[in-house]
Protein chains: 2
Amino acid sequence: MHILSGMAEDVFKALADPTRRRILDELVERDGQTLFEICTRLATKHGLSLSRQAISQHLAVLEAADLVRTRRQGRYKFHDLNTAPLEHIVTRWLRPDPPEGRP
Amino acid sequence: MHILSGMAEDVFKALADPTRRRILDELVERDGQTLFEICTRLATKHGLSLSRQAISQHLAVLEAADLVRTRRQGRYKFHDLNTAPLEHIVTRWLRPDPPEGRP
DNA sequence: AGGATATGCAAGTAACGACTTGCCTGTCAG
DNA sequence: CTGACAGGCAAGTCGTTACTTGCATATCCT
């Protein structure tokens, strides 16, 4: 009964979109970017030319899934990657079989 | 440059739907079920009353993502869970940082 | 053979998701 | 203060997706 109960379900939806996965890639490479930085780097490095609003909405989805944490500083808003929700979503279907002893 | 290159992208889309995740839960608990078995158990145990076609289409998506393997036997078609695609989709964003040492 | 069982195919609907456009709020530099 | 910069809000469009309904195919049992 956590407060964040429904959040694990949001992680899957957040990861469903290719653009959002690119954003996570970008944050892995360079953490703490602003919205404009992400827009620019997605456009130049990955050839994605989306509007600022589109990226902003994607970031909102990632933040709702707790995959991205934000900290405000003046007129800037920095986005930090949080990989914690990724560690438990897969073990849900992995059997508790011992990894050793397979003759 | 595998033949199955585009399939990793399908895994995320396959996991995006709650019903499909329920189906995976069901197959973890009991592998090798038929379509009707899955329909029945989803209806009774989880309260999901979807049409047979809906479940069939969900299984097709899971099979396209290689999360479910099927084997035909007479008029029955058994569905087996395949967790292999789940093991590499998360490591993409996990930094190689040591998990210890957080004062 | 004939009926019941298990599944497949096709088209149609309804809702959701991604993206855009336009305007508004807050922040810093001159 | 004024203008440039960073970000947020709201509504609208368009394609995708989940689900249903109806019909068709294949296999088993008697």
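First the proteins, then the strands, lettered A, B, ... as listed; each starts at 1.
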* Asked: Of the residues in residues 35-47 of chain A, which ones touch DNA chain D at a heavy-atom distance under 4.0 Å?
  -> A:L35, A:F36
* Any side-chain N or O of A:H58 under 4.0 Å from OP1/OP2 of C:dG17? -> no
* With sequence neighbours left out, what residues match A:H79 under side chain to side chain donor-acceptor pair (under 3.5 Å)? -> none
* Would you say A:R20's side chain and A:A14's backbone share a donor-acceptor pair under 3.5 angstrom? -> yes
* Examine C:dG8: is either OP1 or OP2 under 4.0 Å from a nitrogen or oxygen in the side chain of B:K77? Give yes or no. => yes
* Atom pair distance, as rounded to whole Å: CZ in B:R72 and P in D:dT25 -> 15 Å
* **Side chains of B:C39 and B:L42 in contact at under 4.5 Å (non-hydrogen atoms)** => no
* Does A:S56 have a side-chain nitrogen or oxygen under 4.0 Å from the phosphate oxygens OP1 or OP2 of D:dG8? -> yes
* Nearest-Å distance, CG (A:D17) to P (D:dT17)? -> 11 Å
* Taking only residues at least two apart or on different chains, which pairs with a member in residues 81-92 of chain B satisfy salt bridge (Lys or Arg N to Asp or Glu O under 4.0 Å)? -> A:D25-B:R92
* Asked: Looking at residues at least two apart in the chain, or sitting in another chain, which of them share a side chain to side chain donor-acceptor pair (under 3.5 Å) with B:R71?
  -> B:D80
* **Hydrophobic cluster of A:Y76, others only, ordered by chain and residue number, side-chain cut-off 4.5 Å** => A:F78
* **DNA chain D-proximal residues of residues 18-27 of chain A, any heavy atom under 4.0 Å** => none
* To do: Measure the distance from CD on B:E63 to C1' on C:dG8 and round it to the nearest whole Å.
  => 13 Å
* Structure fact -> When rounded to whole Å, the CD1 to P distance for the pair B:I55 and D:dA18 reads 12 Å
* Would you check if the side chain of B:R21 reaches a backbone N or O of B:L15 as a donor-acceptor pair within less than 3.5 Å? => yes
Tabulated below should be each protein N or O lying under 3.5 Å from an N or O of nucleotides 26-28 of chain D; please produce it.
unit_1: D:dT27; atom_1: O3'; unit_2: B:R75; atom_2: N; d: 3.4

* Structure fact -> A:E37 meets the side chain to side chain contact (heavy atoms under 4.5 Å, CB included) criterion, sequence neighbours left out, with A:R30, A:Q33, A:T34
* Backbone of A:A54 reached by a side-chain donor or acceptor of A:S51 within 3.5 Å -> yes
* Asked: Rounded to whole angstroms, how far apart are CG on B:L48 and P on D:dA18?
  -> 14 Å
* For A:K13 and C:dA15, give me the distance from atom NZ to atom C1', rounded to whole Å. => 12 Å
Polar atom pairs between nucleotides 20-22 of chain D and protein, under 3.5 Å, N or O only, would you list them?
unit_1: D:dT20; atom_1: OP2; unit_2: B:S51; atom_2: N; d: 2.8
unit_1: D:dT20; atom_1: OP2; unit_2: B:S51; atom_2: OG; d: 2.8
unit_1: D:dT20; atom_1: O4; unit_2: B:Q57; atom_2: NE2; d: 3.1

* To do: Check the pair B:V61, B:K13 against side chain to side chain contact (heavy atoms under 4.5 Å, CB included), reporting the backbone distance first and the verdict last.
  => CA-CA 9 Å; B:V61 175; B:K13 284 208 317 187; 5.9 Å; no
* Structure fact -> Contacts of B:R69 meeting salt bridge (charged side-chain N to carboxylate O under 4.0 Å, His left out) (sequence neighbours excluded), chain-then-number -> B:D66
* Structure fact -> Between CG of B:L59 and P of D:dC19 the distance, given in whole Å, is 12 Å
* Where at least one partner belongs to residues 9-56 of chain A, residue pairs that pass ring-ring contact (aromatic ring centres under 6.0 Å, His included), sequence neighbours excluded -> A:F12-A:W93
* Return the value, rounded to whole Å, for the distance between atom CD of B:Q33 and atom P of C:dT7. => 11 Å
* Asked: How would you list, by chain and number, every residue that makes a salt bridge (charged side-chain N to carboxylate O under 4.0 Å, His left out) with A:R41, sequence neighbours excluded?
  -> A:E26, A:E29
* Asked: Side chain of B:S56, backbone of B:R52: donor and acceptor closer than 3.5 Å?
  -> no
